[in-house]
Amino acid sequence: MQISIGGFLDRWGDTLWEATLQTFQMVGISLFFSVVIGLPLGVLLVLTRPGKSWSNPLLYQILNLIINMIRSVPFIILLFFILPFTKWVSGTTIGVRGVIVPLVVYTAPYIARLMEQALFQVDRGVIEAYEAMGIRTRDIIWHVMIREARPSIVLGLTIATIGLIGATAMAGLVGGGGLGDLAYRFGHLRYEADVMYFTVGLLILLVQGLQTLGNRLADLLKKD
């Protein structure tokens with residue numbers, strides 16, 4: 001068995017390492033831009049609701065509609081649907097750079113909805129107390145709402161990151177690189193079953209590790 005594993009790693013080690021780095025690259029870059037877009041959108045969804053600080057029913061309905069529309073489209077369909085937009089933004093539709101745009105378009109609305117739910121759970125009494133003291137809304141957002149919602153935000157981002165890993169795997173269908181591309185090209189098209197099994201096992205370990213890390217960080221923030 002040791003010889004078999006050693007032979008497998010000798011043959012596929014470099015390829016697996018490169019695919020793993022590509023997956024981390026796609027997830028890291030896409031998650032960063034998705035949070036930059038999704039967090040403000042989540043805040044706007046909360047504050048523009050009727051009866052909230054920046055109540056604007058029209059803006060809320062528009063944001064709500066756009067987010068729901070994007071979230072209704074499966075990633076694999078979205079991937080092909082926005083190919084012209086992806087080409088216009090990134091200059092290519094293949095490789096790591098070619099899947100960043102669809103990954104962000106897919107993940108940012110999801111994060112916005114998760115952030116909305118996390119922030120909406122903050123005790124309204126705490127917010128009203130700070131408003132009564134004359135604290136500015138933008139300060140309440142960053143120093144009260146987001147601080148109080150940190151455990152829920154961390155758990156939400158953990159879920160979003162895991163979903164993003166699954167999306168990068170599907171991106172392999174268009175030559176996006178990463179573990180999904182490796183599993184598809186070699187594990188499926190070339191019937192290299194050992195590559196498929198190893199890739200699936202690696203993805204499972206990655207997801208389990210992220211979920212455990214997210215849970216522990218959320219627990220620490222609850223105690224803070």
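Just so it is clear, the structure is predicted and the values come from calculations on it, not from any experiment.
The only member of Leu164, Val36, Val35, Val104 that meets side chain to side chain contact (heavy atoms under 4.5 Å, CB included) when paired with Ile111 is Val35.
Arg113 places no side-chain N or O within donor-acceptor distance of the main-chain N or O of Tyr110, the cut-off being under 3.5 Å. When atom types are taken as modelled, the side chain of Arg97 and the backbone of Ser90 share a donor-acceptor pair closer than 3.5 angstrom. A donor-acceptor pair is defined here as one N or O able to donate and one able to accept, closer than 3.5 Å; such a pair exists between the side chain of Asn68 and the backbone of Asn64.
In terms of hydrophobic clustering, with Ile, Leu, Val, Met, Phe, Trp and Tyr side chains grouped at heavy-atom distances under 4.5 Å, Ile70 and Trp88 are assigned to a common cluster. Using a 4.5 Å cut-off between side-chain heavy atoms of Ile, Leu, Val, Met, Phe, Trp and Tyr, with links allowed through other members, Phe81 and Val105 fall into the same hydrophobic cluster. By the rule that hydrophobic residues join a cluster once side-chain heavy atoms approach within less than 4.5 Å of another member, Ile37 and Met69 end up as members of separate clusters. Under a hydrophobic clustering in which Ile, Leu, Val, Met, Phe, Trp and Tyr are joined whenever their side-chain heavy atoms come within less than 4.5 Å, directly or via other members, Leu58 and Leu45 fall into the same cluster.
Other residues, nucleotides and ligands contribute more than 12 heavy atoms inside 6.0 Å of the CZ atom of Arg71.
Taken to the nearest 0.5 Å, the CG atom of Leu63 stands 6.0 Å off from the OG1 atom of Thr48. Atom-to-atom distance recorded for Leu114:CG and Leu155:CG is 10.0 Å, nearest 0.5 angstrom. Here the CG-OG distance, from Leu157 to Ser152, works out to 11.0 Å after rounding to the nearest 0.5 Å. Here Glu148 contributes atom CD and Ile153 contributes atom CD1; the two are 10.5 Å apart, rounded to the nearest 0.5 Å. In this structure, the separation between CD1 on Ile100 and CZ on Phe32 is 12.0 Å, given to the nearest 0.5 Å.
Apart from Trp17 itself, the hydrophobic cluster it occupies contains Leu21, where clustering links Ile, Leu, Val, Met, Phe, Trp and Tyr at side-chain heavy-atom distances under 4.5 Å.
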